[in-house]
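Order of listing sets the numbers, starting from 1, for every ligand and every atom in it. Remember, it's a predicted structure, so these values are computed and weren't measured experimentally.
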Amino acid sequence: MIRKYVYGKPFETEAVVQKIEACEGTMPYFDAYKETDLAGGSAEMEQSVLVNMTEAQLTEMNVKSMKSGFRYVMDKTDVVYGLGENIRGINKRGWHYTSYADDNPHHHEDVQRLYGAHNFFIVDGKKRFGIFLDYPGEITFDVGYTHKDEFRIFLKDMNFVAYVIEGSSLKDIVKQFRQMIGRSYIAPRWALGYCQSRWGYENAEDVRYVVKQYRDNHVPLDMICVDIDYMDGYRNFTIDEKAYPAFEELVQEMRQQKVHLVPIIDAGVKADPDYYVDVEGLEKGYFCKKEDGTEFVGTVWPGECHFPDFLNPEARKWFGHHYSFLLNKGIDGFWNDMNEPAIFYSKRQMSEMKEKIKIMFEDSLPTDQEIDSLAWKLQDLKNSRKDYQSFYHEVNGEQVCHDKVHNLYGYNMTRAAGEAFEELMPDKRILMYSRSSYTGMHRYGGIWYGDNYSWWSHLKMNLSMLPAMSMQGFLYSGADLGGFGSDVTEDLLLRWLELGIFTPLMRNHSAKGTREQEVYQFTDIDAFGRIIGLRYALLPYIYSEYMKACLRDEMLFRPLAFDYEEDTFASQVEDQLMLGDSIMIAPVLQQNATGRYVYLPEEMKLVRFRSSTDYEEEILQAGHHYVTAALDEVVIFIRPDKLLVLSNGGESVEDVDFDNVKTIAFVKKEAVYEYYQDDGNSRYYDKEEHFRKIVEK
Ligand code: GLC
């Protein structure tokens with residue numbers, strides 16, 4: 001059951017597609033809560049008085065700062081799931097998270113926000129309920145950070161919609177939420193192939209070289225991403241003719257090798273009187289404007305940029321149709337970047353900063369502390385709140401300050417593309433994944449989890465994020481395998497790929513200046529080939545489960561507790577996941593480990609793969625086990641009376657035979673599997689003939 005509560009005058013985010021009548025009163029479970037700098041009085045006294053006080057009364061009492069929100073007192077055993085793309089574990093308890101999309105390449109353990117804003121969570125314990133706060137501005141979720149047993153939520157203002165969801169199980173709560181927000185974006189099947197990417201393929205020859213290495217070494221490959229270097233001066237919808245001459249031919253040449261070229265598109269449009277997109281945008285008035293009616297200018301990769309007003313449907317349509325520049329060249333996949341939007345700095349902020357620095361250095365030499373504080377201040381120029389507060393969107397003829405709707409920017413950039421694809425290519429699926437997102441964007445594209453590091457802790461974080469992303473409906477998603485920033489090691493890349501073979505988006509991406517991390521750069525190319533080859537063998541299962549999760553509004557990756565609700569230990573397990581209907585995965589996440597401890601909530605069949613044809617099976621009883629998994633081995637666990645479907649693999653998705661599959665089953669009585677297959681490319685997903693039953697006795 002879903003109950004809807006409307007507070008104040010919410011902004012229409014279009015995150016929710018189901019029509020739900022609003023209830024009277026205030027949302028259950030959470031009490032109204034105010035936090036001030038007022039001292040004295042017991043917390044209870046303070047709250048009962050505070051929540052009823054007016055702004056004027058509080059000012060009179062000399063209250064310096066005040067936050068309004070809600071509070072839920074958690075039971076010791078309560079577990080909190082959700083909040084999408086965020087740091088820390090599967091259980092979100094014990095930290096505070098902020099929904100305010102951020103271009104933050106440092107995913108340290110103490111950051112509060114990343115690129116997306118996903119305001120859906122479930123509290124599971126004495127009471128069990130899910131809540132989605134539909135609010136496009138900043139929210140803080142303090143999940144036992146300030147007070148370890150209190151879950152406090154603060155919103156910038158009290159204009160929002162709360163959806164409270166109760167259900168018969170954790171899965172049921174998620175399913176209701178997902179039905180409410182609409183079907184997830186469905187990627188073409190080829191986009192579940194392996195993708196090689198790097199910010200640093202500077203020209204067509206670099207691209208050809210990478211693809212040749214993969215093909216020569218017989219390591220499967222379906223995609224290669226081109227980063228900002230393919231554009232002319234980082235201008236969207238242009239090609240650098242020197243570095244990438246005859247682009248169309250390159251696209252065709254890649255297609256002949258069964259590889260898709262996937263270009264990046266950035267949110268900012270270079271401010272340049274000689275650039276057709278900028279000229280058009282200015283003429284039509286489609287860029288975000290300042291209070292004085294002139295266009296806001298911020299600096300990103302191309303230098304000074306204008307920012308399309310994606311909240312304006314006409315501007316959205318205009319920008320979306322520009323993708324045809326590349327579609328017409330044979331491109332069928334894109335990634336949308338820098339769409340929080342990332343702003344390195346604005347002229348105004350930079351002038352103020354220069355002034356501050358001048359003053360600092362004027363009379364005396366700065367102290368060590370002053371130098372440190374200067375470094376911080378310079379960082380503050382990036383993605384500055386003041387900039388976000390200084391420009392506006394036009395929504396139904398009204399000017400809306402960007403800061404209030406910040407989280408909708410990346411969503412609507414990707415929606416611009418998604419809506420255009422539906423119009424321009426109605427019969428074909430186009431690959432799209434974005435960096436920034438909000439609930440609702442999951443209908444138009446997938447996401448990648450941004451600029452992580454080549455750290456073992458980030459491999460673990462990748463695993464923790466997967467079920468949270470599944471809850472939010474971002475089923476086509478994945479992290480930069482091997483890590484984006486810093487230098488990867490061979491073992492980390494191999495272990496990371498051993499998780500990556502299960503994620504729909506399987507992309508190895510890294511930053512300029514870091515160690516090159518294409519798999520052929522390392523010693524044991526054979527091991528990489530076998531592991532990536534295993535992905536292709538597992539594709540019938542992964543694609544089938546991915547599609548069923550999309551079509552039925554279900555989770556692809558689940559924490560163990562979602563399948564074993566009665567098992568009191570299951571909610572403690574932070575490093576294993578249920579994947580689809582049949583299996584549990586437990587990747588090795590630690591350097592130099594030759595195995596790991598695994599918890600089995602029930603008897604399962606372990607399959608230890610060295611490749612798709614070289615594997616061994618063993619039945620393990622429920623309980624705790626130490627399971628060996630050498631550097632080039634992947635262990636998976638099949639549940640009782642469930643089975644895995646496998647193909648003979650291939651070097652590209654096109655080569656995979658999805659019709660003639662073999663099975664590995666754990667038969668107790670009878671293993672049954674519902675196998676989904678379609679052409680992988682058209683948009684007719686729901687046909688009955690796509691489903692078939694496979695039975696093993
Ligand atoms: C951002 C993206 C990264 C990309 C880089 C250059 O940092 O997150 O993936 O490689 O920009 O375009």
Side-chain angles (χ1 to χ4, degrees), residues 85 87 101-108 111 113-116 195-203 206-207 210 223-240 243-244 261-270 298-303 305 307 326 333-345 379 382-383 409-410 413-414 431-437 441 445-455 458 461-462 465 474 476-488 496 500 503 505-518:
E85 187 183 29
I87 60 144
D102 194 20
D103 157 35
N104 181 359
H106 309 294
H107 307 177
H108 296 166
V111 304
R113 57 203 177 99
L114 295 175
Y115 313 86
C195 177
Q196 181 61 61
S197 180
R198 180 171 172 85
W199 176 20
Y201 299 148
E202 284 174 1
N203 52 48
D206 285 354
V207 169
V210 175
M223 286 176 269
I224 181 157
C225 289
V226 282
D227 208 309
I228 47 177
D229 299 305
Y230 82 89
M231 299 184 218
D232 173 17
Y234 307 146
R235 291 169 185 84
N236 288 320
F237 315 119
T238 67
I239 307 282
D240 179 342
Y244 285 86
L261 202 66
V262 181
I264 195 170
I265 300 290
D266 280 357
V269 168
K270 187 175 173 70
T299 299
V300 207
W301 301 126
C305 286
F307 295 85
L326 289 156
F334 301 87
W335 45 312
N336 275 351
D337 193 19
M338 309 303 272
N339 50 3
E340 294 69 32
I343 300 172
F344 298 161
Y345 58 85
Q379 274 301 316
K382 273 193 152 186
N383 309 313
Y409 197 78
M413 176 190 182
T414 299
L431 168 63
M432 165 54 73
Y433 55 94
S434 163
R435 193 169 74 177
S436 189
S437 60
M441 201 212 83
I447 55 170
W448 91 99
Y449 310 157
D451 300 347
N452 55 6
Y453 281 94
S454 299
W455 290 351
H458 281 185
M461 190 167 75
N462 181 178
M465 257 188 223
F474 288 98
Y476 186 81
S477 70
D480 283 352
L481 305 173
F484 175 76
S486 72
D487 295 333
V488 77
W496 211 321
T503 62
L505 170 61
M506 184 191 180
R507 182 176 83 146
N508 172 345
H509 180 54
S510 57
K512 241 184 191 149
T514 60
R515 183 178 186 179
E516 294 182 350
Q517 68 185 37
E518 296 79 16

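Between Trp199 and His509 the shortest side-chain heavy-atom distance falls below 4.5 Å.
For Asn452, the side chain to side chain donor-acceptor pair (under 3.5 Å) criterion is met by no residue, not counting sequence neighbours. Partners of Ser434 according to the side chain to side chain donor-acceptor pair (under 3.5 Å) rule, which considers only residues two or more places apart in sequence or in another chain, are Asn339, Thr414. For Tyr230, the side chain to side chain donor-acceptor pair (under 3.5 Å) criterion is met by no residue, not counting sequence neighbours.
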In a simple table, one pair per line, please give the protein and ligand 1 atom names for every N or O pair closer than 3.5 Å, along with the distance.
residue: ligand 1; atom: 7 (O); partner: Asp451; partner atom: OD2; Å: 2.7
residue: ligand 1; atom: 8 (O); partner: Arg435; partner atom: NH1; Å: 2.9
residue: ligand 1; atom: 8 (O); partner: Asp451; partner atom: OD1; Å: 2.5
residue: ligand 1; atom: 8 (O); partner: Asp451; partner atom: OD2; Å: 3.3
residue: ligand 1; atom: 9 (O); partner: His509; partner atom: NE2; Å: 3.0
residue: ligand 1; atom: 10 (O); partner: Asp227; partner atom: OD2; Å: 2.5
residue: ligand 1; atom: 10 (O); partner: His509; partner atom: NE2; Å: 3.0
residue: ligand 1; atom: 11 (O); partner: Asp337; partner atom: OD2; Å: 3.1
residue: ligand 1; atom: 12 (O); partner: Asp227; partner atom: OD1; Å: 2.5

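For Tyr453 and His108, the side-chain atoms include no donor-acceptor pair closer than 3.5 Å. For the residue pair Tyr449 and Ser477, a side-chain donor N or O sits within less than 3.5 Å of a side-chain acceptor on the partner.
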